[in-house]
Amino acid sequence: MIEQIAAAAILLTTPILMAAMGGLVNRQGGIVNIALEAKMLIGAYVAVVVSSASGSWMLAVLAAALVGTVIGWLFSLTITRLGANMIIAGLGLNVLAAGALGFVMTILYGSSGTLRLPDTVLLPRLLPEGVSQIPLIGRMLAGLDPLTVLAWVSVAALPFLLGSTRIGLWIRATGNAAQVVRSVGLRPALVQDVSTAFAGFFSGLAGAHLALYSIGIFNEGLTAGRGFIALAAFYFGRNRPWPTAAACLLFGILDAAQIRMQTVGLPPRLMGALPYLMVLAILVLTQMRSLRRAK
Amino acid sequence: MTSTLFKTWLERGTGFALPVVIALAVSAVVLLAIGESPLDTFSLILSESFGSARRIASTLSAATPLLFTAVATAICFRAGVFNVGVEGAFLIGGLAAVVAGFSLPASLGWALTPICLAIAAAFGAAWLWLPGWLLARLEVDEVVSTLMLNFIAAAITGYLVNGPFLSAQSGNNVTPPVHEAAELSRLMPPATLHSGFLIGLAILFVYAIWARRTPAGVEGAFVGLNRRFSRAVGISVRHTIILAMVLSGVVAGLGGASHGLGQLYRYTDGFSAGYGFTGMAVALLGRNHPVGMLLGAVLFGALASAGTTIQLFSDIPLDLVNIIQGIVMIFSVVELGRITIRRRARA
Amino acid sequence: MTAIALGASHVWKSYGRVQANRDITLAVAPAEIHAIVGENGAGKSTLMRILQGIERPDRGHVIVNDQKTEFSGPAEALACGIGMVHQEFMLAPDLSLLENLVLGDEPVRGRGGPLARIDWAAAEAQGRELADRIGIEVDWHRRSGSAPVHIQQFVEIIRLLRRGTRILILDEPTAVLAPQQVNELFDLLRRIRADGTTILFISHKIREVTALADRVTVIRQGATVFSAALTETSADEIASHIVDGTPPPRAASERGAPGDGVLEVRGLSALSVEKSRQLRDISFTVRAGEIVGLAGVAGNGQVELMEALFGLIRSTGSVHLNGTDLSGLRPDRRRAAGIGFISADRGQEGLALAASIEDNVIAGSQRQPPIGKGWWLSRRALRRVALDRLGRLSVRYGAARDKVSSLSGGNQQRVVFARETAGTPPLLLVSQPTRGVDLNGIAAIHAILLDFRARGGAVLLASEELDELQILSDRILVMVDGRIAGELAADADRGEIGRMMVMEGAA
């Protein structure tokens, strides 16, 4: 049973983790991206369509990431160039994306429910079936897909990317003091656009993973608030890659355990509130600590 | 003097018109793309939403929850409190009113409705008091806390309608209906327009008075414009913030009650069709001004009610309404129509 | 041989109806320290913005290395070797000093591009070398926001030098520094000059100009009125050009005999609020009909003292107003007890700039009759009270519903005074009352303060303008490092006040 939960947890963590890594970089650049959900949803749709049409999971993943990037970029423009408030614009994009997808589904497929297309190619498993015989972690290893590996590689790479590359320094500086970045001749708006596009890229990948990991279908409720869980995760991890990843893993484990808890008698609907309650608790605790230190 | 007044109204007018025009332009393009005539569609929407007394009634009925959620949002936004948790308070208030409406003795008669409303207001107030207190006392970011509380509200109400308050008769996700005595009366049967609309108008009116003609309302505006200034002139910023949240909760809770007691007569999963967020769009569009918000609520009400019929009679999906709403939200906050939301300097 | 490293030729610039620069001509020779002096609002900042390519002149042009130059933007000025150190330091507080040093021009390993890896070892070596060359020590790994102000300033200068700045513009660089730090800065600037860097130094403190500059140009009301080598002029001559040929106006100060103590402060100490200096054991009295000046280098606790007296920050010790104990009360209660508060930060604390004039002038009275009656607020009474208050201090405005931001600095400050003196409180706490106010406005505000005193009011006045303190005050308290270092007569020798401001533990 532990084995199964572990395997499921890793699988459920991946999309949250990818979206959270994107959102984290975005937040370090000074933008709270509340529209991760929208970009995940669109990424998932694009992934299913492209996978079915091309028969290539790789093309599908790339297309999802690309669309996520473009939408992220456009979203960023409304904030950095038109001065839109990032929270409202983000909530607006979530509404817009849901509306646009429902519209497209109804027009193209006649219903806005679940989209099942022929010949949808799923994400491959990286390791041979045989590894599942390994005790404890076997099931988990057998389930590993390229995007999960990429997600965890990105967690390992981000500290370096943010800490030691030029773009990383620019992003951190922009989030900290945009006018300083401008004064040294860089363009903070452009830096923010890049960080938002990056968040879009990863959200698109996250959507592709949701859609193509196991069943290869799309429906409008597929993301089920995972974009907001990702937001919760990087607030929880205070924008640092490893703590944020740990929060994602925790949420993934909760999600995986939820199905089991049901049998023990804990209501699953209430369990769904847990990640959000935890973020609230963490916010309160960190504020209490920092206020006490100020005194 | 008149020129200043004129300028403010002109500013408000463009702030209202610009996002609407952009949204209509985008939907026109979308309609062209699927081979529908935008003009025909728009005139159909117009006639479907305002073409007859019955249609107007259904438009106003769809606008009713938005009146509440828009005012609830505006109370906070004008005080510089970035409350995105009206949706959650709407759900909590709605469930509270409905549960009171079927579990209190029907013998209370005419007193039942006001009791249900009061209970909903109290639950809504308590629900948003928490993030207000956290913001005022501990400086916990209210965007995140209220966002999280929306999900928590959805989870709690979702659990309750599937567990303790599940109706014995019907299958899933639904409470028993409220007593007939608790129902808000229909104004023009068979149309669904109910007296909740009148309550909404009254709330809007009280909001207008409160904002300009009470010391607390004026203090709210000062706090929204400049917190340091407010402190220095002796206004308690903490009290003002908490008051804004609590009042917002009262109004959102009443909105939920109106929806539960007047429209659905019960609480079901999916009780709110995103009214909290549409209300936010309405508040932004109307720039927290009562007249603007009334127009905005009617506009979105018209889109929602006409959208349903249009989907029946043509191939245009109802989702067009969401597209319009999303665009309106985004463009109501671009430079031209920027509302006064403080950017927190974390030095 | 270049004659003019940086200059301006007949530059004009207007913003709407305001003529900020009229026919300004400036010539800065290579490797010279050139001071630009002038009152607040004389047009110095506009000229600097033009020299940096942020603004374009309406007429005339900028000269760089003897060439007429038209900048398309600040990047081009930077490329010409012109760099500016602002009053607000341009360092990102959460990044380290080293990260700030290389930001925008990072040494990389291997190929370039945004993804290139920054060579931190090389960066640090460059930082050390530059710091050694100008003779300072920097802990490069320190978080910028937590580094001492003068180190932040030095790092900003080093950053400009590292990026090839040959012409360095400094905007009132000493405003935030303690005296020792000023000396350190001046030594550093002299060493930079010796390296061949040209320095343009903006100030309104004549003593600093005579101590440091090779040449001085005076700007008054948007025009250059005087320029000379320091060897050929004197402090008095410079001063006479800054203010219309005459020394600063002496306000008619009828210093009557002060009455009873209005404000009694005993053993006031404030808990440290993060970075700011705490207040330590402060005791003094302000009597009726008396203006007590508060002098000190910026950041020695003047702001905190005012905030503590008004209840904006917590403090221990006792504060009595006409015998009533105010200790522990919030600002609204202290205001009700009879204190008016003129904030040093007019734009952020004194006024709500986005609100109307009438709302600004009645703010704080919204619960008091006749405006507030319980739950009700009478707009008509509000308007009447507002017009009355505005009229009493003859504020010049278009309509009472106009935004207060549409007023000039002087009129804005009059709105603040109209509000704070409305209930004729026994005590006014006044900070930097004439900051950003033009000369006429200054005279009017001084008159308001003197009138307040003449009616028996007590005033505690903090100002960074010693002139102002000496003109208005009956006596002067000097603050150093959160304490009252001493008390002097208003007509004390400036040197003596200055010495007191820099004595004991000024960091």
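Residue numbers start from 1 in every chain, and the chains themselves are labelled A, B, ... in the order their sequence lines are given, proteins ahead of strands.
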Problem - C:Leu115 side chain near A:Leu161 side chain, heavy-atom distance below 4.5 Å - result: yes
Problem - Close side-chain approach of C:Arg159 to A:Ser183, heavy-atom, < 4.5 Å - result: yes
Practice task
Please state whether the side chain, the backbone, both or neither of C:Leu160 comes within less than 4.5 Å of a heavy atom of chain A.
Solution key: neither
Practice task
Evaluate whether atom CZ of C:Arg56 has more than 12 neighbouring non-hydrogen atoms of other residues, nucleotides or ligands under 6.0 angstrom away.
Solution key: no
Exercise for the section: Please report the closest heavy-atom contact between C:Gly104 and A:Leu186, naming both atoms and the distance. Expected result: CA-CD1, 3.7 Å
Exercise for the section: Could you tell me whether the side chain of C:Asp105 reaches within less than 4.5 Å of the side chain of A:Val184, counting heavy atoms only? Expected result: no
Practice task
Given side chain to side chain contact (heavy atoms under 4.5 Å, CB included), test A:Val180 with C:Leu95 step by step and report yes or no.
Solution key: CA-CA 11 Å; A:Val180 171; C:Leu95 300 189; over 6 Å; no
Problem - Pairs of heavy atoms under 4.5 Å with chain A: top-ranked of C:Ala79, C:Gly83, C:Pro114 - result: C:Pro114
Practice task
Could you tell me which portion of C:Asn100 (side chain, backbone, both or neither) has an atom closer than 4.5 angstrom to a non-hydrogen atom of chain A?
Solution key: side chain
Handout entry: Residue C:Arg163 excluded, over 12 heavy atoms near CZ under 6.0 Å
Key = yes
Practice task
Return the option, out of A:Ala178, A:Ser164, A:Ala177, A:Gly185, with the maximum number of heavy-atom pairs under 4.5 Å with chain C.
Solution key: A:Ser164
Exercise for the section: Please determine, among C:Arg117, C:Gln52, C:His86, C:Met84, the option with the most heavy-atom pairs under 4.5 Å with chain A. Expected result: C:Arg117
Completion exercise
Scanning both residues in full, the closest heavy-atom pair of C:Trp120 with A:Gly163 reads CZ2-O, 3.5 Å
Completion exercise
Correct closest heavy-atom pair for C:Pro93 and A:Asn176 would be N-OD1, 3.1 Å
